[in-house]
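Written below as structure tokens is the structure these notes are about.
Remember, it's a predicted structure, so these values are computed and weren't measured experimentally. Quick note: residue numbers are just sequence positions, from 1.
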Amino acid sequence: MEREIVGKFVELYGGEEGNVKKFFAPGRVNLIGEHIDYNGGYVFPCALDFGTYAAARKRDDGRVRFATLNFDLRVEIDVDDIRYKEEDDWTNYPKGVIKEFIDKGHEVGGFDILYYGNIPNGSGLSSSASLEVLTAVVVNELFDCKEDLVEMVKMSQRAENQFVGVNCGIMDQFASGMGKLNHAILLDCETLDYEYVPLKLDGYKIVIGNTKKRRGLADSKYNERRSECQYALECIQKELDIKNLCEMDVETFDKYKHLIGKDIPRDRAKHAVEENVRVKEAVEALNDGDIITFGKLMNASHESLRDLYEVTGGELDTMVEEARKIEGTIGSRMTGAGFGGCTVSIVKEDSVDEFIRVVGKNYEDRIGLVPEFYVANVGDGAGRILIEESYVEGRY
């Protein structure tokens with residue numbers, strides 16, 4: 001696709017192929033640790049080998065022209081007048097990132113850019129984070145801003161929080177920017193300390209199931225869940241000096257949970273605390289080569305998200321139920337924000353074809369939607385593509 005997008009870029013914007021630069025940022029899947037990135041907990045995502053591509057070239061003026069091969073909408077702006085506009089739709093994500101660079105004092109001029117994404121839109125595999133981190137890498141390269149990748153990850157998150165208005169945590173952008181081939185990332189979302197953990201899945205595959213139930217994150221109950229967690233935290237802070245819910249272990253939470261005066265926020269906090277413990281146990285199991293325990297912890301994660309956090313819904317629950325009926329499935333859970341989107345399952349390699357066929361049929365029969373499945377490979381993080389050397393250039 002990196003070769004094709006350059007040709008499409010020249011068709012659209014003119015000029016020669018030689019001065020067009022190519023970039024890529026992956027999507028991500030979170031293996032375990034859901035809805036705790038904004039509660040100061042650990043998450044365990046990995047970058048995928050599909051994501052968002054871009055071809056870009058500087059201009060001599062202050063105009064930025066956005067286009068994508070995925071949608072018809074094209075938008076042109078002036079770098080001196082970057083504003084959120086609802087009618088500009090998907091381009092608000094890259095616009096917010098450009099504004100982050102300008103607000104930090106960088107001299108950002110005009111450029112033409114063409115995107116292409118092969119992350120299913122609305123699937124929960126972080127198409128928006130991929131788009132943001134990709135744009136940051138492009139701007140950093142074109143205008144020699146010399147920002148390191150962790151800082152660009154933070155800028156991408158701020159763009160989504162403050163410019164687009166979605167109160168997301170940092171996990172999605174971090175995984176897209178900092179992914180590593182055949183590794184997952186144990187990430188402390190409070191400190192941004194991270195550790196690469198080899199994915200030892202000998203004889204097993206990661207299978208992502210797309211329910212095809214679209215979920216609009218900005219319009220979902222995501223912000224409501226964050227508010228409920230904040231309420232629970234403030235209640236506990238009356239007696240305990242903590243900054244985030246995930247600073248507590250289960251024993252500490254049990255001691256102070258009576259301070260949370262409402263049942264629903266108490267359930268949300270219980271999920272956050274217990275899910276953080278599950279992440280640590282899951283990484284330990286993976287390091288020990290105990291993939292069966294890893295799968296059991298994935299199952300427990302889904303049940304907590306269903307019963308305590310209430311972010312699953314009929315489509316996700318049905319796909320997980322059908323996935324677990326396959327003998328070769330050792331773990332299956334929702335991944336992402338929920339309310340639709342995707343599941344992630346660990347499946348014996350010789351059961352993958354049966355998994356896709358049987359789960360797909362049974363899900364369609366029960367729900368009436370035709371799902372999609374992706375056998376996921378774990379890829380590298382964002383960077384510039386050097387076609388002649390066929391790899392993504394290293395991190396900043």
* Residue list, ring-ring contact (aromatic ring centres under 6.0 Å, His included) with H271, at least two apart or on another chain -> Y309

* **Pairs where residues 33-42 contributes a residue and the test salt bridge (Lys or Arg N to Asp or Glu O under 4.0 Å) is met, not counting sequence neighbours** => E34-R333

* What is the distance from atom CD1 of I36 to atom SG of C189, rounded to the nearest 0.5 Å? -> 7.5 Å

* Parallel, tilted or perpendicular: ring planes of F24 versus Y53, cut at 30 and 60 degrees -> tilted

* Output all residues satisfying side chain to side chain donor-acceptor pair (under 3.5 Å) with Q230, sequence neighbours left out; order by chain, then residue number. => E234

* Below 4.0 angstrom, N of the basic side chain to O of the carboxylate: do R357 and D353 qualify? -> no

* To do: May I ask you to say whether R59 pairs ionically with D61, meaning some side-chain N is under 4.0 Å from a carboxylate O?
  => yes

* Evaluate the salt bridge (Lys or Arg N to Asp or Glu O under 4.0 Å) criterion for residues E275 and R278: first the C-alpha distance (whole Å), next the side-chain angles of each, then the deciding distance (0.1 Å), finally the verdict. => CA-CA 5 Å; E275 182 80 346; R278 278 190 288 272; 2.8 Å; yes

* Other residues, nucleotides, ligands: >12 heavy atoms within 6.0 Å of K361 NZ -> no

* Just jot down the side chain to side chain donor-acceptor pair (under 3.5 Å) partners of T312, sequence neighbours excluded, or say none. => D317

* Asked: With ILVMFWY side chains joined below 4.5 Å, transitively, what does I260's cluster contain besides itself?
  -> Y231, L233, I236, L240, I242, L245, M248, V250, F253, Y256, L259, V273, V277

* F101 and H106 aromatic ring geometry - parallel, tilted or perpendicular at 30°/60° bounds -> tilted

* Asked: How many angstroms lie between CG in L73 and CG in N70, if you round to the nearest 0.5 Å?
  -> 12.0 Å

* D350: partners by salt bridge (Lys or Arg N to Asp or Glu O under 4.0 Å), with sequence neighbours left out -> none

* To do: Any chance you could lay out the salt bridge (Lys or Arg N to Asp or Glu O under 4.0 Å) test for E327 and K348, step after step, and finish with the verdict?
  => CA-CA 9 Å; E327 187 174 346; K348 284 186 178 179; over 6 Å; no

* Atom pair CD1 (I170) and CD (E190), whose distance is rounded to the nearest 0.5 Å -> 10.5 Å

* All side chain to side chain donor-acceptor pair (under 3.5 Å) counterparts of K212, not counting sequence neighbours -> E372

* side-chain hydrogen bond (donor to acceptor under 3.5 Å, both in side chains) contacts in which one or both residues fall within residues 279-292, not counting sequence neighbours -> D290-T293

Could you list the donor-acceptor pairs under 3.5 angstrom formed by side chains in residues 39-51, with sequence neighbours left out?
from	atom 1	to	atom 2	distance (Å)
N39	ND2	H35	O	3.1
D49	OD2	N377	ND2	3.2

* Asked: With sequence neighbours excluded, what pairs up with H258 under the side-chain contact (heavy atoms from CB on, under 4.5 Å) test?
  -> none

* Decide yes or no for L201 and I291: does some side-chain heavy atom of the first lie under 4.5 Å from some side-chain heavy atom of the second? => yes

* Which residues share a side chain to side chain donor-acceptor pair (under 3.5 Å) with D241, sequence neighbours left out -> none

* **Option among V347, V375, V378 that satisfies the side-chain contact (heavy atoms from CB on, under 4.5 Å) test with I206** => V378

* Structure fact -> F9 meets the ring-ring contact (aromatic ring centres under 6.0 Å, His included) criterion, sequence neighbours left out, with Y13

* Going by heavy atoms in the side chains, are L297 and I32 under 4.5 Å from each other? -> yes

* To do: State, yes or no, whether a side-chain contact exists between V197 and H183 at a heavy-atom distance under 4.5 Å.
  => no

